[in-house]
> 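Have a look at this one before I ask anything.
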Amino acid sequence: MPSDNSVLVIGAGIFGLTAALELQQRGHQVTVADPGPIPHPLATSNDLSRMVRIDYGADGLYSTLGADAIEGWRRWNAGWGRDLFHEDGMLLLTSAPMVAGEFEQDSYDLLTGRGFPLEMLAHGDLARRFPHWNSEYYIDGYFNPMAGWAEAGEITASLAQDAANAGVSVVTGFSAVRLLQEGNRVSGASAPDGTELRADWVVVAAGVWTTVLLPELADRMWPVGQPVFYFKPQDPSTYRPPSFPPWAADTPRSGWYGFPANHEGVVKMANHGPGRRVHPDADRVITAEEEALCRAFLSQSLPSLASVPMHESKMCLYTDTWDGDFWIGRDPERQGLVVATGGSGHAFKFAPVLGGLAADALEGVENPYSQRFAWRPLAEIKKEDMRYVGE
Ligand SMILES: Cc1cc2nc3c(=O)[nH]c(=O)nc-3n(C[C@H](O)[C@H](O)[C@H](O)COP(=O)(O)OP(=O)(O)OC[C@H]3O[C@@H](n4cnc5c(N)ncnc54)[C@H](O)[C@@H]3O)c2cc1C
């Protein structure tokens, strides 16, 4: 395929911006369009923090992709001249002994087998090294130094700037309502006022709004609301690494994970669970029950935070695919259309490598991930076969 196609990317979240940047660097003429501002206030890529980890249970594919992404984060930090990715490590705790077949032990085994220097917690380590945690309740776990968190909203803004600097035309004030088609070829998109943006290729990267433009995908991906909580303790310094790194506490079973205090002293935590299926434009508020569950978790696990007043809370939307895998592929039926979305609550960490996957899909280049993330038919999946992938 010629490497000088015009490409319209719809959506300037992490999928769209990384695709735009990579495609422009590969020689295409790229426009990325979003209602704006970037980051869009309702975009999933717009938050204080996102977890970056390579711990993916026995799933070696995501783990490999994660390790490549961490190399990329280090390069991006160097390029930005400031650290928007904080390599603070990650603490994974369990309230029962870790066992093979469960997320934590499988992650530990896979990663140590690949030579990563994980630190298994010995008796007394939790109380000594990470004193905010209830060390009577959490009896097992490990610390992975190759992990951390990313300042998601800041990074999204920086990537928009990087894209513009690389020659991408970054258009705000454009909300696509319809894809344009000539014969069997998608050729652009139009906005409510009739404005049209035309291109040889269209990449739809509209996050939870993807199925508004492509309703035929609504049986394979959908928006799911998950609660997020923010606290501002009086002395945030004790909620920073090394004694308070990013954490996951019984997460595949409890859903809870969180982050150290950021530069404004805000400590964030969230729950990765079944969530609530919602409309992308639904009110982003949490329920009293979700807040009560958060308080109960804190009382049991992080007692020093249990009585700290809530600074803020919100519902954040995943674009969940039915199988938890990303959706980065060409439409097998129409020409000129790629979809890059389906983050399923865990895509941000891969930002430095996502653009390459989308660009490969557009150029028809096979990579080790193409098949897993391809445009695929809905298939039967047994509950016991579902992997834990979240956050
Ligand atoms: C609570 C929560 C916690 C998470 N935690 C983690 C984590 O710890 N680690 C991790 O790796 N991932 C995490 N994720 C997942 C990660 O944040 C997402 O997978 C990723 O940000 C999704 O990016 P996106 O580009 O698909 O969507 P978005 O960021 O939502 O971007 C979509 C863009 O499309 C634009 N758009 C929409 N409709 C149109 C249209 N019609 N025309 C033009 N533009 C349009 C929007 O304005 C928006 O800017 C989390 C997600 C949530 C909700």
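For ligands, and for the atoms within them, numbers begin at 1 and follow the listed sequence.
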> Can you report which non-hydrogen protein atom sits closest to atom 7 (C) of ligand 1, along with the distance?
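The closest heavy atom on the protein side is Met51 N, 3.3 Å.
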> Can you name the closest pair of heavy atoms from Asp55 and Phe103 and give their distance?
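Scanning both residues completely, I find the closest heavy atoms to be O-CZ, 3.4 Å.
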> If you count the atoms of ligand 1 from 1 in the order shown, which ones are under 4.0 Å from a heavy atom of Ser175?
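Here the atoms of ligand 1 in question are 41 (N), 42 (N).
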> Please report which non-hydrogen protein atom sits nearest to atom 26 (O) of ligand 1, along with the residue it belongs to and the distance in Å to one decimal place.
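Scanning the protein heavy atoms, the shortest distance from atom 26 (O) of ligand 1 goes to Phe15 CD1, 3.1 Å.
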> Which atoms of ligand 1 have any heavy atom of Val228 under 4.0 Å away?
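In order of numbering, the contacting atoms are 1 (C).
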> How far is atom 1 (C) of ligand 1 from the closest protein heavy atom, and which atom is that?
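For atom 1 (C) of ligand 1, the nearest protein heavy atom is Cys316 CB, 3.2 Å.
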> Is there any N or O on Trp209 that sits under 3.5 Å from an N or O of ligand 1?
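Among all N and O atoms of Trp209, none is under 3.5 Å from an N or O of ligand 1.
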> I need the atoms of ligand 1 closer than 4.0 Å to a non-hydrogen atom of Tyr257, numbered in the order shown.
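In order of numbering, the contacting atoms are 3 (C), 4 (C), 5 (N).
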> What do you reckon, does His346 have a nitrogen or oxygen under 3.5 Å from a nitrogen or oxygen of ligand 1?
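Yes, at least one N or O pair falls under 3.5 Å.
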> Do side-chain atoms of Asn46 reach the backbone of Ala43 as a donor and acceptor pair under 3.5 angstrom?
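Side chain of Asn46 to backbone of Ala43: no pair is present.
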> Considering only protein heavy atoms, which is closest to atom 39 (C) of ligand 1, and at what distance to one decimal place?
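So the nearest neighbour among protein heavy atoms is Ala206 CB, 4.0 Å.
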> Should you measure from each heavy atom of Gly13, which atoms of ligand 1 turn up under 4.0 Å away?
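By the 4.0 Å cutoff, the relevant atoms are 25 (O), 29 (O), 31 (O), 33 (C), 49 (O).
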> Which residue and atom name correspond to the protein heavy atom nearest atom 11 (O) of ligand 1, and how close is it?
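Protein heavy atom at minimum distance: Lys349 N, 2.7 Å.
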> Say whether Phe350, considering both its backbone and side-chain N or O atoms, lies within less than 3.5 Å of an N or O atom on ligand 1.
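There is no such contact.
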> Within ligand 1, which atoms have a heavy atom of His40 less than 4.0 Å away?
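Numbered from 1, ligand 1 contributes 47 (O), 49 (O).
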> Return the residue, atom name and 0.1 Å-rounded distance of the protein heavy atom closest to atom 18 (C) of ligand 1.
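Of every protein heavy atom, Thr44 CG2, 3.7 Å lies nearest to atom 18 (C) of ligand 1.
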> If you take the centroid of each ring, where Trp contributes its six-membered ring, are Phe326 and His346 closer together than 6.0 Å?
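Yes - the distance between ring centres of His346 and Phe326 falls below the 6.0 Å cut-off.
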> Centroid-to-centroid, His132 to Tyr239, below 6.0 Å?
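When the ring centroids of His132 and Tyr239 are compared, they turn out to be within the sub-6.0 Å range.
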> Please report the closest heavy-atom contact between Asp140 and Ala96, naming both atoms and the distance.
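Shortest heavy-atom separation between Asp140 and Ala96 comes out as CB-O, 3.9 Å.
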> For Phe348 and ligand 1, does the shortest N/O to N/O distance drop below 3.5 Å?
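Looking only at distances, the answer is yes, because the N/O contact criterion of under 3.5 Å is met.
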> Distance-only, no hydrogens or angles: does the Asn271 side chain make a donor-acceptor pair with backbone N or O of Ser254 under 3.5 Å?
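At least one qualifying donor-acceptor pair exists.
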> Judged by non-hydrogen atoms, does Pro35 sit under 4.0 Å from ligand 1?
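Yes.
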> Using the side chain to side chain contact (heavy atoms under 4.5 Å, CB included) definition, which of the options Val32, Val338, Val170 pairs with Val9?
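Only match with Val9 under side chain to side chain contact (heavy atoms under 4.5 Å, CB included): Val32.
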> Considering the heavy atoms of Ala33, write down every atom of ligand 1 situated less than 4.0 Å from one of them.
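Those qualifying, in numeric order: 43 (C), 44 (N).
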> Quick check: does Gln226 get an N/O under 3.5 Å from an N/O on ligand 1?
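For ligand 1, there is no N or O atom that lies under 3.5 Å from one belonging to Gln226.
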> Measure Ala43 to ligand 1 on non-hydrogen atoms and call it side chain, backbone, both or neither using the 4.0 Å cut-off.
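The answer is both.
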> Tell me, which protein residue and heavy-atom name are nearest atom 42 (N) of ligand 1, and how many Å apart are they?
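Going by distance alone, atom 42 (N) of ligand 1 is nearest to Ala176 N, 2.9 Å.
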> Please check: side-chain N/O of Thr211 versus main-chain N/O of Leu214, any donor-acceptor pairing under 3.5 Å?
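Answer holds: no.
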> Using modelled atom types and a 3.5 Å cut-off, is there a donor and acceptor pairing between side-chain atoms of Ser63 and backbone atoms of Ile54?
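The answer is yes, because a donor-acceptor pair under 3.5 Å joins these two groups.
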> Return the closest protein heavy atom for atom 35 (C) of ligand 1 as residue, atom name and distance.
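Answer for atom 35 (C) of ligand 1: Asp34 OD2, 3.1 Å.
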> Sub-3.5 Å donor-acceptor pair from the side chain of His86 to the main-chain atoms of Asn262, do we have one?
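A pair under 3.5 Å: no.
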> Relative to ligand 1, is Leu317 under 4.0 angstrom through side chain, backbone, both or neither, heavy atoms considered?
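Within the 4.0 Å criterion, Leu317 contacts ligand 1 through backbone atoms alone.
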> Taking atom CD of Glu216 as the centre, report whether more than 12 heavy atoms of other residues, nucleotides or ligands fall under 6.0 Å from it.
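Counting neighbours around CD of Glu216, more than 12 heavy atoms of other residues, nucleotides or ligands fall under 6.0 Å, so yes.
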> Take Trp247 and Phe297, measure what ring pair (Phe, Tyr, Trp, His ring centres under 6.0 Å) needs, and give me the verdict at the end.
CA-CA 14 Å; Trp247 54 268; Phe297 169 80; 5.6 Å; yes
> Tell me the closest heavy-atom pair linking Ser6 and Ala199, and the distance in Å.
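Heavy-atom minimum between the residues: OG-CA, 3.4 Å.
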> Quick one: does ligand 1 sit under 4.0 Å from the side chain of Ala205, the backbone, both or neither, non-hydrogen atoms only?
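The answer is the backbone.
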> Apply the hydrophobic cluster definition, ILVMFWY joined by side-chain contacts under 4.5 Å directly or through others, and give me every member besides Tyr230.
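When side chains under 4.5 Å apart are linked, the cluster holding Tyr230 also contains Leu48, Val228, Val266.
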> Does some non-hydrogen atom of Trp149 fall short of 4.0 Å from ligand 1?
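The answer is no: ligand 1 sits nowhere under 4.0 Å from a heavy atom of Trp149.
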> Considering only heavy atoms from C-beta outward, does the side chain of Glu102 approach that of Arg253 to under 4.5 Å?
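Glu102 reaches Arg253 side chain to side chain.
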> Find all atoms of ligand 1 within a distance of less than 4.0 Å from any non-hydrogen atom belonging to Gly207, and give their numbers and elements.
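The atoms of ligand 1 under 4.0 Å from a heavy atom of Gly207 are 26 (O), 27 (O), 32 (C).
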